[in-house]
Q: 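One structure, pasted below without further comment.
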Amino acid sequence: IMPSLVGSEMCIRDSEYTSLYVCQMCADEYCGSVYCQIIEEGNCVKWENFHWGIPEQLSQHDDFSLSFSFDKTEYYQALNQLEKYITEVE
């Protein structure tokens, strides 16, 4: 779970990409990551425009043609529950 998705400073970005998955061996975004745009529209949070690559080359890779929509209230509730769980485990 990336910090931009969890907690009181959750990141909803209209134009920037957020990394969702990074290299499991080194956790380095520059080793290759899965990115998407996280967009808040009304009562909905959308994950759109998925790409694979490194930050400087996102436009050079094909879009995964995926889109996920979440109820905004449920999205924030789920992430807050996850943050609480992670905090308790640490």
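Predicted model, so just to flag it, every value in this text is computed and none were measured.
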Q: What's the spacing between Tyr21 OH and Ser33 OG if we round to 0.5 Å?
A: 9.5 Å

Q: List in chain and number order the residues that pass side chain to side chain contact (heavy atoms under 4.5 Å, CB included) with Asn43, two or more places apart in sequence or in another chain; answer none if no residue qualifies.
A: none

Q: Evaluate the side-chain proximity of Asn80 to Glu83: yes if any heavy-atom separation is below 4.5 Å, no if none is.
A: yes

Q: Compare every heavy atom of Asp71 with every heavy atom of Glu74, then report the nearest pair and how far apart it is.
A: N-OD2, 2.9 Å

Q: Can you check whether Gly42's main-chain N or O pairs, donor with acceptor, with Lys72's side chain at less than 3.5 Å?
A: yes

Q: How long is the gap from OG1 on Thr87 to CG on Leu82, to the nearest 0.5 Å?
A: 9.0 Å

Q: Does Phe68 have its ring centroid less than 6.0 Å away from the ring centroid of Tyr75?
A: no

Q: Rounded to the nearest 0.5 Å, what's the gap from CD on Gln81 to CD1 on Ile86? Could you check?
A: 12.0 Å

Q: Please name the pair of heavy atoms, one in Leu20 and one in Cys36, separated by the smallest distance, quoted to 0.1 Å.
A: CD1-SG, 3.5 Å

Q: Got a second to check how far Lys46's NZ is from Phe70's CZ, nearest 0.5 Å?
A: 12.0 Å

